[in-house]
Amino acid sequence: MAIPEVLERLLSAPGPSGQETLASEVWREAAASFGTVENDVLGSSWVRVPGTGDGLSLAVVGHIDEISAVVTHAGDDGSFAVRALGGWDPHVFLGQRVEVLTRSGRIPGVMTSRRQKRRRGEERKPLEHSDLFLDIGAKDGEEARSLVRAGDTAVIAGAPLELRNDRVASRSLDNRIGCYVALEVARRVATGGGAPGDVVGLAVVQEEVGDFAGSRTTAWAVEPDVAIAVDVTHATDVRGGDPEEDGEHKLGSGPALMRGPSLHPGVFDLLHETAEAEKIGRTIEVSFGQTSTDADAVYLSHRGVATGLVSVPLRYMHSPVEVVQLDDIEAAIALLVAFAKGLSRDRLQLPR
C-alpha cells in the first residue's frame with residue numbers, strides 16, 4: 001500500500017505549534033475539493049458535510065501541529081541557542097538535519113550540541129535542551145541575525161520512508177494522521193451520500209504545547225453534538241512495551257478505542273459495536289482521568305460534548321522515525337465513516 005498522496009504532502013509540510021500555516025494550507029486545499037472550508041484566527045481549519053436529516057452533528061478532530069525546536073538567541077559565533085516546543089527528548093534532535101522556518105522561507109541547518117570536555121574515566125553528563133545549538137552555516141552573529149530571528153522554529157528534515165509490510169516511517173505522524181483521518185472521514189461521507197447529521201472534519205492547532213488551544217476554540221465555533229478526537233498511541237510491540245500499563249496495541253491491530261472518566265461511555269460503546277459489525281480490528285485503551293489529547297478540551301466545551309477518542313498505534317513517538325502501519329489508518333477511517341452513518345441520540349443514550 002503506497003502512502004496516500006494527501007498524507008504524504010501533510011507529512012512533508014512543516015507545521016510547528018503556532019506556525020502551522022504550511023501544513024494547514026495542504027489540508028485546506030484537499031478539503032476544498034469536496035466542501036466549504038472555514039478557519040479561525042488561531043489557524044485551525046474545518047470542513048462541514050451537511051447532514052441528510054436532523055441527526056446529531058459529529059466533529060472528527062485531529063491536530064496538525066508537530067514538535068519542533070524554537071530559536072531563543074543568536075550567538076556571535078553564528079550559531080543559535082534553541083529550546084523545546086512541545087515535549088521531546090534532546091537526544092532526538094542531536095545530529096539531525098533541520099529546516100528553519102523564517103520570514104524569507106525555509107533555511108537548512110543542523111542540530112549539534114555543546115562540546116563536553118571530560119577527564120579520563122569521567123562519565124558524560126546527561127544531554128539537556130540547553131546543550132543544543134542550531135548551525136545554519138552563518139559565518140558570524142551578524143549574518144545569523146540577518147537570516148533567523150528569535151522565535152523562528154526548526155523541524156527535522158526528511159521525506160516519509162516506506163518500509164516493509166505497509167509501514168511508514170516519518171516525523172509528524174503525530175498527528176498528521178489525526179487530521180488526515182478527519183479529512184478522509186468527511187470526504188468519504190460527502191461522496192457516499194452523507195450521514196443523518198452534519199459531519200465536520202477538523203485540523204486544529206497548538207495541541208503539542210499542552211493547552212489544546214485549537215480544539216478549545218473550534219469546539220465553540222462548530223458546536224458539535226458528538227466529537228471524536230483522533231490521535232496516536234504508543235504501540236506496545238516494541239522493546240520496553242508494557243501492555244499491563246498501556247494495554248496491548250500492536251501495529252496492524254487496528255485503532256485503539258479509549259475508555260475513561262472524561263470519555264462518554266455511550267460513544268465508546270457505539271464505536272465498539274460499529275467495529276464489531278464492520279469486522280474492523282480494534283484494541284481498548286484505558287485512561288485514568290485526562291487523556292492528554294484534544295478530547296480533554298472538547299468534552300468540557302459548552303455544557304459538555306459527548307466525546308470519544310480513537311488512536312492509531314505508533315512506534316517511537318516524538319522522533320524523526322515514528323512508525324505506523326497504513327492498514328491501521330485505513331481502519332480508523334472506515335470505523336468513523338460507519339460510526340457517523342449510524343449515529344443517533346437513542347443509541348448514545350443522550351438526554352433530550
Side-chain angles (χ1 to χ4, degrees), residues 6-7 10 15 17 20 23-24 27-28 30-31 35 37-40 42-49 56-66 172-190 195 197-233 255-258 260 262-264 267-268 270-271 285 287 290-302 304-312 314 329 332-333 335-337 339-340 343 348:
V6 172
L7 177 57
L10 284 168
S17 301
E20 300 94 345
S24 294
W27 194 92
R28 288 197 291 265
V37 180
E38 298 181 70
N39 58 283
D40 66 12
L42 296 187
S44 296
S45 312
W46 61 92
V47 59
R48 184 183 296 270
V49 179
L56 297 173
S57 61
L58 170 66
V60 184
V61 185
H63 73 83
I64 199 163
D65 60 316
E66 63 183 296
S172 76
L173 282 165
D174 176 14
N175 187 33
R176 302 289 158 72
I177 286 176
C179 61
Y180 172 74
V181 169
L183 176 75
E184 273 296 291
V185 170
R187 186 184 70 81
R188 294 186 195 185
V189 168
D198 291 1
V199 174
V200 189
L202 297 96
V204 302
V205 299
Q206 297 186 42
E207 191 269 358
E208 294 292 358
V209 290
D211 57 4
F212 311 118
S215 54
R216 195 178 304 277
T217 57
T218 53
W220 282 87
V222 172
E223 297 186 14
D225 295 311
V226 179
I228 304 293
V230 184
D231 213 303
V232 295
T233 191
L257 314 181
M258 183 171 276
S262 61
L263 301 169
H264 194 278
V267 172
F268 168 82
L270 184 53
L271 284 168
E285 189 173 17
S287 80
Q290 300 295 293
T291 68
S292 299
T293 72
D294 288 305
D296 294 341
V298 175
Y299 93 98
L300 292 174
S301 176
H302 296 278
V305 177
T307 301
L309 176 59
V310 173
S311 300
V312 174
L314 178 89
I329 300 175
I333 296 167
L335 171 61
L336 292 177
V337 170
F339 176 86
L343 188 59
L348 293 184

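All values below come from the heavy atoms of this structure, side chains included, with hydrogens, waters and symmetry mates left out.
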*Measure across Met258 and Phe268 and return the closest heavy-atom pair with its distance rounded to 0.1 Å.*
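So the two residues come closest at O-CD1, 3.7 Å.
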
#### Entry: Closest non-hydrogen atom pair between Arg216 and Asp211, with its separation
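Answer, listing the atom of Arg216 first, then Asp211: NH2-O, 3.0 Å.
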
- Task: Could you check Val49 against Val200 for side-chain contact (heavy atoms from CB on, under 4.5 Å), going step by step and ending with a plain yes or no?
- Result: CA-CA 6 Å; Val49 179; Val200 189; over 6 Å; no

Under a 3.5 Å cutoff, is there a donor and acceptor pairing between the side chains of [X] and [Y]?
X	Y	result
Thr233	Glu285	yes
Asp40	Thr217	yes
Thr291	Asp296	yes

Taking salt bridge (Lys or Arg N to Asp or Glu O under 4.0 Å) as the test, write out the residues that go with Arg48, two or more places apart.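 Listed in chain order: Asp198.
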
List the residues meeting side-chain hydrogen bond (donor to acceptor under 3.5 Å, both in side chains) with [X], not counting sequence neighbours, and say none if there are none.
X	value
Ser287	none
Thr307	none
Asn39	none
Ser44	none

If you round to the nearest 0.5 Å, how far is [atom2] of [Y] from [atom1] of [X]?
X	Y	atom1	atom2	result
Arg176	Leu7	CZ	CG	10.0 Å
Glu223	Thr218	CD	OG1	11.5 Å
Ile177	Ile329	CD1	CD1	4.0 Å
Asp294	Leu309	CG	CG	9.5 Å

Can you find a heavy atom in the side chain of [X] that is under 4.5 Å from one in the side chain of [Y]?
X	Y	answer
Val226	Val305	no
Ile228	Val267	yes
Leu335	Leu257	yes
Tyr180	Ile333	yes

Any side-chain to backbone donor/acceptor pair from [X] onto [Y]? Under 3.5 Å, distance only.
X	Y	result
Asp225	Ser57	yes
Ser172	Asp174	no
Glu20	Gln206	yes
Trp46	Val222	no
Glu207	His63	no

* Kindly determine whether Leu348 and Leu56 satisfy side-chain contact (heavy atoms from CB on, under 4.5 Å), including the steps that lead there. => CA-CA 10 Å; Leu348 293 184; Leu56 297 173; 4.1 Å; yes

Quiz item: Hey, mind stepping through Leu202 and Val60 against side-chain contact (heavy atoms from CB on, under 4.5 Å) and telling me if it holds?
Solution: CA-CA 6 Å; Leu202 297 96; Val60 184; 5.8 Å; no

task = Applying side chain to side chain contact (heavy atoms under 4.5 Å, CB included) between Thr293 and each of Val232, Asp231, Val298, report the one that passes.
result =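 The single option meeting the side chain to side chain contact (heavy atoms under 4.5 Å, CB included) with Thr293 is Asp231.
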
So the salt bridge (charged side-chain N to carboxylate O under 4.0 Å, His left out) pairs with at least one residue in residues 56-65 (sequence neighbours excluded) are none

Practice problem: Using the side-chain contact (heavy atoms from CB on, under 4.5 Å) rule, take Leu314 and Leu173 through it: C-alpha gap first, then chi angles, then the decisive distance, then the call. | Solution: CA-CA 8 Å; Leu314 178 89; Leu173 282 165; 3.8 Å; yes

